[in-house]
Amino acid sequence: MLQSFRSKLKIYLMSDKYNPKVIEKKWQSFWDNEKIFESKADPNREKYYILEMFPYPSGKIHMGHVRNYTLGDVIARYKRAQGLNVMHPMGWDAFGLPAENAAKENNISPKDWTYENISTMKSQLKQMGLSLDWSRELATCDEKYYHQQQKLFLNFFRKKLIYKKESLVNWDPVENTVLANEQVIDGKGWRSGADIEQKKLSQWFFKITDYAENLLTSLDKLEKWPEKVKTMQKNWIGKSIGCEITFNILSNDAKLKTSKLQIFTTRPDTIFGATFCALSPFHPLVDEILEINPKIGNELSQLRAQKINEESISKNEKIGINTNIFIEHPLIKDKKLPVYIANFILMDYGSGAIYGCPAHDQRDLDFANKYNLDIIQVIDPKSQETFDGVNAITDDGVLINSDFINGLTVFDAKKVIIDKLAELKVGEQKINYRLRDWGISRQRYWGCPIPIMYREDGEVIEVPEDQLPIKLPSDIDLSIPGNPLDNHPTWKYTKCPKTGMNAIRETDTLDTFVDSAWYFLRFCSPDSNDAFNEDESKYWMPVDQYVGGVEHAILHLLYARFFTKALEKKSFDEPFESLFTQGMVCHQTYQNKSGNWVYPDDIKEENRKIIQISTDEEVFEGPMESMSKSKKNVIDPETIIKSFGADAARWFMLSDSPPEKDINWSESGIQGSWKICQKIWTLINVNKEYLSSNHCNEDLDLSDQAKELMYLSNRCLNAVTNGIEKFQMNVAIAKIFEFVNGLSKFRVHKKNDEVALCSALKILIRIIEPMVPHLAEECWSITGASGSIISEPWPEVNQSYLEKNDVIVVIQINGKRRAEINVEKDVTEEDVYEKIKNIKNISDAISKRNIVKSIYVPNKILNIVLN
RNA sequence: GCGGAUAUGGUGGAAUUGGUAGACACGCUGGUUUUAGGUACCAGUGAGGCAACUCAUGGGGGGUUCGAGUCCCUCUAUCCGCACCA
């Protein structure tokens, strides 16, 4: 029997081979032609909306996309098999800075560059065999899309959710342009090398802070979001309950004398420890101080040039300017606090001014020590630590040196102080959010134009809806420094539709995060004349499963949530029911002697050395890092698909590493994936004769061997189902390996074996389809079935095969494993003792000592405790 | 600095949630084949032993328990985020 199987295998392998190139193309065109993945709203069917974060069309897909879209596709195909009405759309996050950069470098228009990339990447995605509904495809740079976005903008504008204010940008004085943070390297412009200034510009903002509380509290409703992401958003919103205190300014200057200073603090309990006050360099009061005291101008511009964020605040040296102005302590008569301008105060947080209590805040303490300011300890910490003058005490404790709040706890003291300040009408409790309004102005060309114009009489006018969309001009000159729309000779000049007065268009464009804040909604009705169709979105929304990179944990997801909440006429409050954030794709890096990075396909191994092929020089392994062009540790998915096929690439992406963790790409890994595809294909071909339907009658009595196979297949089916449901694709893959290994060893001896084999193989084909769809389709056609495996329902686990009569009970002595026995299910403790009598090492141990205790967990374990 | 997470063989990782640690894969070692080679197949892969068996082990230390990778305390290390890249 064995011999005949072997010869059959050999003959088979000689004649034909697994050829992904042919079968993948074949099934891709089948799916396309039959429009298998196009979805329609159907109120009689339960829907499932699965979405992966749409890509930026940068040129080619990369391994990160392969991983992201494979994961989503497994879910999409699995849910389809479960009988749900699945929508799985794809589009393009097509506006953005790289298109402008590429345009400058290659002398091609951003639009042409973008659409060429889209076309390339679309064909690459198709080669991956993704079950995408391309009939809903959209690109955010498409006029049809940004037309609707401009309408949404006006809608929000009318709802007073959009306003203009002065705000700081990174300004490159040589290029005359605003830079993104990533374009500022060590304080210098990435192209010009010029020192970057912080410049104030009037810019548009979304009032996302109106929704701060809502965005925070409804996080609790998002049960299927990773805790990590929710924590990040919570911290980002940064709700804190504190106190706003108004201080009188003491100055000889008439104007300043009458001004007041607002300070926000979360620690009003430390007010008796306050010894100074610090203003943000951008605080409005600073401008007034500068007028009176122009001498500080130099120092001030230095402070203003510094990049301030929370990280730099806690790390950098604290620097301040003494203004020689004082404020009056509200609770201590005649106490004056010096006012400094300091580099560690954020204008955007609280009121841009603080009072410093050095003993209980590290930043304040560092500052006080540097400028020899008073330090007063006002809290006696629970932890008993004594104040050393270098480390601030931030622990909870009891108030000291604090007049009428002495002896109170921090918690109680806060309340008493707030009440007292309120009574004196100089302070009140205030809730403050770290979340700032969303700045949406970009001084760039390749983005959605803002439908606003400025009339010559100073009025800000909406562009009427019937004049939308405001289209981007195609004849732009990107070589001139500055904002291309502003530079355009004619584009910005227009007339007020009501009065006929001259007007100038807004030349800023929208942040691309606006584009992605509602695209999931547009997919529900991509051709609607409104931003979204009420009925369609009511059926499809919310997105049941959203899959993407954790790098979008805060901004994109928060903005999308904000948009969803701010929209009108919708039946949902949150956009994404369930969120999954996948890990990155990493690869070994290689460096030569001079430290230059080397491409992995430019190396070979020779005599245990790694040699660069092109130069014949020795290279060395660097760290394992996420694939990036700069480190040259990239593998092109297209090359992989060409040599191993999409199914092998998909398999690799799902195997080994859990989806939420980083995966390390390796040559041996992809080869292993190819091997298993080959193995499954061979397995099906070799057993072709058993796969016709008349073999698959399950009513027959099965032999023990066949029952074992049925146990194996049902256990695997169960594990794969659970694995996919729980996003543990790596576990599902491991179980399929087990199943395939078991199947390869199985030989048909009797008629009944054929039945089990047929059933097991059909289960195998069905459950691999979400992972390796082309292979599954091909195998399915080999069975002689007509049509597509996709229309086959997901099999039900047959519980009766999962229940075994025999179980293994482990025998422990003092908690250490000493033996295991095979017994019938649910036997009693006595029966187990009876059985282990004959096991020498156990009976020896028992006879030598006394049994103190015996713990028996039926069907699992017997632990005998000896003295 | 603040906030969050993680730690299991040579490697990626698994473990029905307190009950046989190391499933599965990669790598490595030996072998088989009318195998040119990549391939396929078989066996081994914590240590000791021919073997029955014994011992060790989950970043370090401590605790709870009949029993701990899993629960508690503590120390250490690493990774991620901290507002104009998408």
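Order of the sequence lines fixes the chain letters, A, B, ..., with proteins taken first and strands second; residue numbering starts at 1 for each chain.
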A/Arg442 and A/Asp511 ion-paired at < 4.0 Å =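 A salt bridge is present here (some side-chain N lies under 4.0 Å from a carboxylate O).
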Would you mind classifying the nucleic acid contact of [X] as base, sugar-phosphate or nothing, using non-hydrogen atoms under 4.0 angstrom?
X: A/Gln443; value: nothing
X: A/Asp511; value: nothing
X: A/Gln362; value: nothing
X: A/Pro55; value: nothing
X: A/Trp438; value: nothing
X: A/Glu820; value: base
X: A/Glu551; value: base
X: A/Arg818; value: sugar-phosphate
X: A/Lys735; value: nothing
X: A/Ile663; value: nothing
X: A/Ser655; value: nothing

What is the base-pairing partner of [N], counting Watson-Crick and G-U wobble geometry with both distances under 3.5 Å?
N: B/C66; result: B/G19
N: B/C2; result: B/G81
N: B/G38; result: none
N: B/A43; result: B/U29
N: B/A52; result: none

Within less than 4.0 Å of OP1 or OP2 of [N], is there a side-chain N or O belonging to [X]?
X: A/Arg434; N: B/G3; answer: no
X: A/Asn235; N: B/C82; answer: no
X: A/Lys853; N: B/C66; answer: yes
X: A/Lys661; N: B/G13; answer: yes

Kindly indicate whether a cation-pi arrangement holds for A/Lys164 with A/Phe205, taking the cut-offs as under 6.0 Å to the six-membered ring centre and within 45° of the axis.
->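 Checked: cation-pi criterion not met.
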Can you check the [X] [atom1] to [N] [atom2] distance for me, whole Å?
X: A/Asn741; N: B/C42; atom1: CG; atom2: C1'; answer: 13 Å
X: A/Ile861; N: B/G18; atom1: CD1; atom2: P; answer: 14 Å
X: A/Glu227; N: B/A5; atom1: CD; atom2: P; answer: 9 Å
X: A/Trp225; N: B/A5; atom1: CH2; atom2: C1'; answer: 18 Å
X: A/Arg817; N: B/C55; atom1: CZ; atom2: P; answer: 12 Å
X: A/Trp665; N: B/C26; atom1: CH2; atom2: P; answer: 15 Å
X: A/Glu829; N: B/C66; atom1: CD; atom2: P; answer: 16 Å
X: A/Asn117; N: B/A86; atom1: CG; atom2: P; answer: 15 Å

Picking from [options], which would you name as closest to the side chain of [X]?
X: A/Leu435; options: B/G4, B/C42, B/A83; value: B/A83
X: A/Asn863; options: B/C84, B/G67, B/A83; value: B/G67
X: A/Pro658; options: B/G19, B/G13, B/G81; value: B/G13
X: A/Arg442; options: B/C84, B/C24, B/A83; value: B/C84
X: A/Tyr56; options: B/A86, B/A40, B/G19; value: B/A86
X: A/Gln203; options: B/G19, B/A56, B/C84; value: B/C84
X: A/Val731; options: B/A15, B/A56, B/U20; value: B/A15
X: A/Leu97; options: B/U20, B/A86, B/A15; value: B/A86

Quantified in whole Å, what is the [atom1] atom distance between nucleotide [N] and nucleotide [M]?
N: B/U6; M: B/A56; atom1: P; answer: 30 Å
N: B/G67; M: B/G19; atom1: C1'; answer: 7 Å
N: B/G27; M: B/G13; atom1: C1'; answer: 14 Å
N: B/G60; M: B/A77; atom1: C1'; answer: 10 Å
N: B/G69; M: B/A21; atom1: P; answer: 8 Å
N: B/A25; M: B/U45; atom1: P; answer: 15 Å
N: B/C41; M: B/G46; atom1: C1'; answer: 27 Å
N: B/G9; M: B/U70; atom1: P; answer: 14 Å

For B/U65, decide between syn and anti, treating a glycosidic angle within 90° of 0 as syn.
->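 Glycosidic conformation of B/U65: anti.
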Taking syn as within 90° of 0 and anti otherwise, name the glycosidic form of B/G69.
->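 Here B/G69 takes the anti form, which means its glycosidic angle is more than 90° from 0.
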So, for [X] and [Y], which heavy atoms are closest and what is the spacing to 0.1 Å?
X: A/Val720; Y: A/Ile736; result: CG2-CG1, 3.7 Å
X: A/Ile842; Y: A/Ala819; result: CD1-CB, 3.9 Å
X: A/Leu215; Y: A/Leu219; result: O-CG, 3.4 Å

Check whether any side-chain N or O of A/Glu738 sits under 3.5 Å from a backbone N or O of A/Cys716 as a donor-acceptor pair, and report yes or no.
->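 Here the side-chain-to-backbone pair does not exist.
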With a 4.5 Å heavy-atom cut-off, do A/Asp647 and A/Pro20 have their side chains touching?
->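 No. Closest side-chain heavy atoms not under 4.5 Å.
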Is the shortest heavy-atom distance from the side chain of A/Phe739 to the side chain of A/Leu717 under 4.5 Å?
->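 In short, these two side chains do not touch, never coming nearer than 4.5 Å.
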A/Tyr145 and A/Trp518 aromatic ring geometry - parallel, tilted or perpendicular at 30°/60° bounds |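 A/Trp518 vs A/Tyr145 ring planes: parallel.
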Ring pair (Phe, Tyr, Trp, His ring centres under 6.0 Å), paired with A/Phe54, selected from A/Trp92, A/Tyr519, A/Phe95 |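 Answer to the ring pair (Phe, Tyr, Trp, His ring centres under 6.0 Å) test with A/Phe54 among A/Trp92, A/Tyr519, A/Phe95: A/Tyr519.
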Mapping A/Asn664 and A/Asp93 to their closest nucleotides on RNA chain B, which lands nearer the 5' end?
->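 The residue mapped nearer the 5' terminus is A/Asn664.
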When you match A/Thr512 and A/Ile554 each to their closest nucleotide on RNA chain B, which lands nearer the 5' end?
->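 It is A/Ile554, whose closest nucleotide lies nearer the 5' terminus.
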